[in-house]
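The structure appears below as structure tokens.
Sequence lines set the chain letters: A, B, ... in the order given, protein chains first and strands last, and positions in each chain run from 1.
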Protein chains: 2
Amino acid sequence: MTPRIDPEPSLHDEAARAGWLYYVGGLTQDQIARELGVSRQRAQRLVSRAVAEGLIHVRLNHRIGVCLDLEQALTDRFGLTRCRVAPGLGAGGDAVRAIASAAAGELERFLRMEEPSVVAVGTGRALRGMVDAMEDGIEAGQHRLVSLIGNIAPDGSASFFDVVMRLADKVHAPHYPMPVPVISPTPEENAAFHALPPVRKVVDLARKADVVFVGVGQMSNDAPLLKDGFVSRAELDEMQAAGAVGEVAGWVFDAQGQYLDLGTNRRTGGVRVEPGLDRPSIGIAAGETKVSAIRGALLARIVNGLVTDEPTARALLA
Amino acid sequence: MTPRIDPEPSLHDEAARAGWLYYVGGLTQDQIARELGVSRQRAQRLVSRAVAEGLIHVRLNHRIGVCLDLEQALTDRFGLTRCRVAPGLGAGGDAVRAIASAAAGELERFLRMEEPSVVAVGTGRALRGMVDAMEDGIEAGQHRLVSLIGNIAPDGSASFFDVVMRLADKVHAPHYPMPVPVISPTPEENAAFHALPPVRKVVDLARKADVVFVGVGQMSNDAPLLKDGFVSRAELDEMQAAGAVGEVAGWVFDAQGQYLDLGTNRRTGGVRVEPGLDRPSIGIAAGETKVSAIRGALLARIVNGLVTDEPTARALLA
DNA sequence: AAGCGATGTGAGCAAATGATCGCTATATGA
DNA sequence: TCATATAGCGATCATTTGCTCACATCGCTT
């Protein structure tokens with residue numbers, strides 16, 4: 001009579017169940033081991049696997065007063081439309097982790113709208129963290145997701161580009177990668193790509209996006225662009241000398257948020273986020289090293305919304 | 001220059017921050033203590049306070065296969081429109097805790113709709129848990145919340161009735177309590193209440209609700225109605241003898257889900273959930289002792305949707 | 001002002017946890 | 001076929017955690 005139940009509790013299932021019993025049920029790992037009929041060590045491993053694989057999501061259901069104050073102060077100072085400040089994670093903490101769930105909440109907010117819209121996204125660790133922190137089960141098929149940044153890397157590595165893809169995968173929305181090199185060897189090659197009709201289509205879509213989510217990269221010596229091999233050391237030096245402090249979607253700007261007309265900016269393939277957009281343009285970024293980059297982006301209104309963490313917020317206001 | 005920040009980190013704020021550092025940041029309590037400048041013991045107390053007060057919410061981001069199978073089986077067997085099965089919490093686990101977040105998700109689903117609607121809710125521990133497990137920050141001002149059950153208790157205790165109130169409070173929606181006794185001393189008194197125009201208005205609202213959320217109570221010797229003093233032992237005996245196995249919103253039914261025409265049912269003040277509604281009527285209930293009550297409600301289609309836990313689901317199918 | 005209860009605090013301690021190590025089984029590929 | 005990598009497992013052990021107890025503090029009542 002009982003229907004066919006219990007095929008093969010996959011490893012994921014077992015881990016999820018262990019995590020559930022641990023965090024929701026409050027059982028000890030010993031009890032979980034007994035419940036699942038495994039050794040305590042295995043139970044412990046299942047629990048940590050559940051955490052590591054992001055099966056367990058923790059959210060804080062209380063807006064800490066100080067963070068609200070900081071949000072208000074940032075909003076006033078930079079004329080933002082949206083602002084979220086997550087509590088910091090202490091000295092050695094990972095800023096990306098701190099802001100991931102707040103950023104996820106911000107994105108979910110847009111994805112849940114019934115009105116079909118176009119969501120443009122950049123790349124970077126922060127955005128990646130945001131997507132990972134999103135809840136499962138959100139269906140956003142009515143929206144279109146478009147990448148702001150080229151998806152052809154010099155070394156062919158794709159790890160940099162899977163933010164849109166992962167997101168599209170997660171919410172079952174159509175997505176439009178931008179089929180151009182992140183940064184072309186020459187301005188001419190870049191122009192050749194942009195002359196192609198399919199490329200133009202994606203570019204047009206990105207330009208009319210209803211909302212933009214981007215990370216903000218610093219242009220100091222630990223610049224993501226350098227680490228990922230998109231700019232050479234020499235070019236970085238050149239742009240630093242010209243005042244470069246940050247970049248958004250690969251486009252480099254100075255301390256006032258003015259895009260520079262040199263270096264890689266002449267060969268960057270992606271769509272530039274124009275300053276002063278009338279639609280939301282949300283920056284997701286935190287970390288001591290990014291402060292002047294973020295400030296530049298805010299000053300020129302390359303972004304008019306911000307998700308950051310507490311120490312970064314304080315530094316921006318200082 | 002720095003704006004006025006740091007008035008008084010309230011106890012809640014501190015607890016929230018400690019919980020954040022612990023669960024999101026992964027710091028040890030010792031590190032948290034140092035970070036916050038308190039003793040380790042205080043840090044530990046703050047963390048547990050954060051959990052106890054529901055500041056920390058844990059969600060499982062993975063639907064365990066077995067639970068999906070059970071949902072399908074229940075849906076097929078009882079012709080449900082919606083069904084969620086949460087993993088069980090093991091032998092000594094609290095069933096309410098297990099289903100709270102799944103139920104919250106189900107309710108949030110409705111509240112997030114833009115279309116204004118009327119949401120009718122019952123009472124009980126399960127619904128209370130559901131509301132507590134809801135995320136903060138959901139705005140549902142477009143909906144109206146109406147209580148199915150009277151809000152006048154024999155002993156004047158209000159703890160039983162604050163489900164609608166807490167919910168309304170949380171999502172900032174208007175709410176309509178039902179200003180009648182849960183159970184009147186006589187049918188006549190009950191009728192007198194229902195003749196009053198303001199009462200009729202609420203009753204009409206409840207009757208046309210677009211979605212109904214109710215708990216399911218058992219009528220065994222540990223019946224909630226008995227424990228809360230709404231029925232006497234003698235009446236319970238009488239109804240049990242007549243086949244009573246469960247109740248929804250105070251209305252008692254038998255194993256087939258047929259409402260009985262005796263005992264308190266002649267004096268119950270609230271609105272009866274009619275069998276076979278064409279709109280969603282979601283039962284939130286789990287626990288071994290409730291199985292036959294739930295089965296009755298399902299068979300007669302007093303509820304056409306169910307949120308329960310794994311062992312209960314298995315028992316319902318057995 | 002003394003008494004009293006509620007609340008909070010730190011020390012100590014037992015239990016729970018998670019990291020490490022060496023072992024085994026399985027796969028991978030030359 | 002064999003060598004080697006890889007992953008999982010149980011045992012051991014240092015660290016982390018949360019509980020209990022004895023005491024201090026504060027506010028309120030008598």
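Residues meeting the side-chain contact (heavy atoms from CB on, under 4.5 Å) test with Gln31(B), sequence neighbours left out: Leu27(B), Thr28(B).
A pairwise comparison of heavy atoms in Asp132(A) and His57(A) identifies O-CE1, 3.4 Å as the closest pair. Shown here for Trp20(A) and Ala86(B), the closest heavy-atom pair between the two residues is CZ2-CB, 4.1 Å. The two residues Ala313(A) and Leu74(A) make their nearest non-hydrogen contact at CB-CD1, 3.8 Å.
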Using the 3.5 Å cut-off, write out each protein N or O paired with an N or O of nucleotides 7-9 of chain D and the distance between them.
unit_1	atom_1	unit_2	atom_2	d
dC9(D)	OP1	Arg42(A)	NH1	3.1
dC9(D)	OP2	Arg42(A)	NH1	2.8

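For Arg59(B), the CZ atom sits in a packed shell: over 12 heavy atoms of surrounding residues, nucleotides or ligands are nearer than 6.0 Å.
Rounded to the nearest 0.5 angstrom, Ile56(B) CD1 and Tyr22(B) OH are separated by 11.0 Å.
Between the side chain of Lys290(B) and the main chain of Ala285(B), no donor-acceptor pair closer than 3.5 Å is present.
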Check: Using a cut-off of 4.0 Å between protein heavy atoms and nucleotide atoms, how would you tag nucleotides 13-18 of chain D 5' to 3' with B, S and -?
Finding: ---SBB
